[in-house]
Amino acid sequence: MRVLLNQFRETAPHVLMSADAVGGVWQYSLDLASGLVRRGLAVTVAVLGPAPSEARIAAAERATGARIVATDLSLDWTAETPEAVLDAARALAGLARTLGADLVHLHSPALALADFPVPVAAVCHSCVATWWDAVESGPLPADLAWRHDLTVRGCRAADALLAPTRAHALATARVCDLARPPVVVRNGRAPSGVPPRAAAPVAFTAGRLWDRAKNAAALDRVAARLSVPLRAAGSLDGPNGARAETRHLHRLGRLDDAGIAAELAGRPVFISLARYEPFGLAVLEAAASGCALVLSDIPSFRELWDGAAAFVGADDDAAAAEAVQGFLDDPVRREAAGAAAAQRAARYGADAMTEGVLGVLHGLLAGAPARLGGAAA
């Protein structure tokens, strides 16, 4: 790998990355951009959808060394028409030409549907079809079907596909009828740097509470069963009009990185009852902080945290409450569970993620793209 990094430093390629500032993709993009810049690459991050504030962009540029540009282009999952997504893809291709980029790294395969002048890697962070399979039943509704069609076409247009877990890679290959699954490069996070405090007598969760996949209703039922507050960070209102109603959660609203780090420094018992989670950066952040984990028993969580978390059914609020309360009532077991989670989290650092992405990008620069189109075997 040292030879690989030296080659990147000598050639100093410019990578154009797209990003979504609404959810976890934003933090993924910043950590990856920072890692690439530290290894000698030039990075421009084009933000689609709702733009971060100027202050947030400036802070991100200082932290990463990357250039960050708010584009006002449509996100694939909130766009109102297919043409809006295709317009965004064409604009990104134009930006790649203007910048003289050597590589493009997209946060959504649908954005690969344009005439890019350089190789394109796309990350399958999530998609509407795999989400639907986990949360709903029956055929995709029309508003999601066209988004899925763009995703399928984009998967076949990209030169390389990545996914954060094998579970999600396999699910993506199945719903998109790919000949082989995306390359697995697990997400990673840089340490928050906030020193731990004495374990707080609370439970904690974080995420897009408005997203039905996050299962806020079950979390709310768990909160009603606990002897301590279940503190919940995240918005109840989504940019797509979705809304979650809760009665028992101790709602904190949307917290910035510093706010999340401050909550996790108290090492609360962390709970996620997600029905669908291709990776789960919030879980990783909690684990890295030494929190005991109570997680829904879904394939991606099992892949990442088996042996380092307590698992319950996504809708079994009684079992979930019992698991959380059990940790709270037994400080020794809680401490041991937190230590096991932190040890596992060390595998999923930002450096490991950057190395994995660099391997894929190096393959593209070498002229050996991993074409993934065609019917499944």
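Just so it is clear, the structure is predicted and the values come from calculations on it, not from any experiment. Hydrogens, waters and symmetry mates play no part in the numbers below; they use all other heavy atoms, side chains included.
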Review point. Please walk me through it: do E61 and R67 pass side-chain contact (heavy atoms from CB on, under 4.5 Å)?
Key: CA-CA 6 Å; E61 288 185 329; R67 178 189 178 195; 4.2 Å; yes
Exercise for review: Carefully, step by step, assess T172 and L161 under the rule side-chain contact (heavy atoms from CB on, under 4.5 Å).
Suggested key: CA-CA 10 Å; T172 300; L161 285 183; 5.6 Å; no
Practice item. Start with the C-alpha distance between R153 and D149, add both sets of side-chain angles, then the distance that settles salt bridge (Lys or Arg N to Asp or Glu O under 4.0 Å), and finish with yes or no. Key: CA-CA 6 Å; R153 290 165 53 197; D149 176 66; 3.6 Å; yes
**Study point:** Worked check of side-chain contact (heavy atoms from CB on, under 4.5 Å) between D115 and R97
**Key:** CA-CA 10 Å; D115 183 18; R97 290 189 186 89; 3.5 Å; yes
Practice item. Using the salt bridge (Lys or Arg N to Asp or Glu O under 4.0 Å) rule, take E303 and R166 through it: C-alpha gap first, then chi angles, then the decisive distance, then the call. Key: CA-CA 8 Å; E303 176 183 333; R166 178 166 174 77; over 6 Å; no
Exercise for review: Starting from the C-alpha separation in whole Å, work towards a yes-or-no answer on side-chain contact (heavy atoms from CB on, under 4.5 Å) for L75 and H107.
Suggested key: CA-CA 10 Å; L75 288 171; H107 73 277; 3.9 Å; yes
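The backbone N or O of H14 sits less than 3.5 Å from a side-chain atom of D102, completing a donor-acceptor pair. Between the side chain of W132 and the backbone N or O of G138, at least one donor-acceptor pair lies under 3.5 Å. At least one donor-acceptor pair closer than 3.5 Å links the side chain of H148 to the backbone N or O of V175. No donor-acceptor pair under 3.5 Å is formed between the side chain of D297 and the backbone N or O of G313. In this structure, the side chain of T71 engages the main chain of V47 through a donor-acceptor pair within 3.5 Å. With D31 contributing its side chain and R189 its backbone, the two residues share no donor-acceptor pair below 3.5 Å. The main-chain N or O of C176 is found under 3.5 Å from a side-chain atom of R156 such that the two form a donor-acceptor pair. A donor-acceptor pair under 3.5 Å is formed between the side chain of D220 and the backbone N or O of L249. N187 places no side-chain N or O within 3.5 Å of a backbone atom of F279 that could act as its donor or acceptor partner.
Between D316 and L273, every side-chain heavy-atom pair lies at or beyond the 4.5 Å cut-off.
Under the 30°/60° scheme for interplanar angles, the aromatic rings of Y348 and W305 are found to stand perpendicular. Aromatic ring orientation, Y28 versus H125: perpendicular (interplanar angle above 60°, classes split at 30° and 60°).
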Please tabulate, for side-chain N and O atoms in residues 251-262, each donor-acceptor pair with protein atoms closer than 3.5 Å (sequence neighbours left out).
unit_1	atom_1	unit_2	atom_2	d
R251	NH1	T246	O	3.2
R251	NH1	T246	OG1	3.0
R254	NH2	A21	O	3.3
D256	OD1	A258	N	3.2
D256	OD1	G259	N	2.7

Sequence neighbours excluded and cut-off under 3.5 Å, please list the side-chain donor-acceptor pairs for residues 86-94, or say none.
unit_1	atom_1	unit_2	atom_2	d
D87	OD1	R90	NH2	2.6
R90	NH2	E83	OE2	2.3

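A 6.0 Å sphere centred on CD of E136 holds more than 12 heavy atoms belonging to other residues, nucleotides or ligands.
For the pair R333 and F327, the cation-pi test (distance below 6.0 Å, angle within 45°) is passed. For the pair R208 and W77, the cation-pi criterion (under 6.0 Å, within 45° of the ring axis) is fulfilled.
For the 3.5 Å distance criterion, the side chains of T151 and R147 fail to qualify, holding no donor opposite an acceptor.
Taken from CD1 in I298 to OG in S272, the straight-line distance is 6.5 Å, to the nearest 0.5 Å.
By the side-chain hydrogen bond (donor to acceptor under 3.5 Å, both in side chains) test, S126 pairs with no residue at all, sequence neighbours left out.
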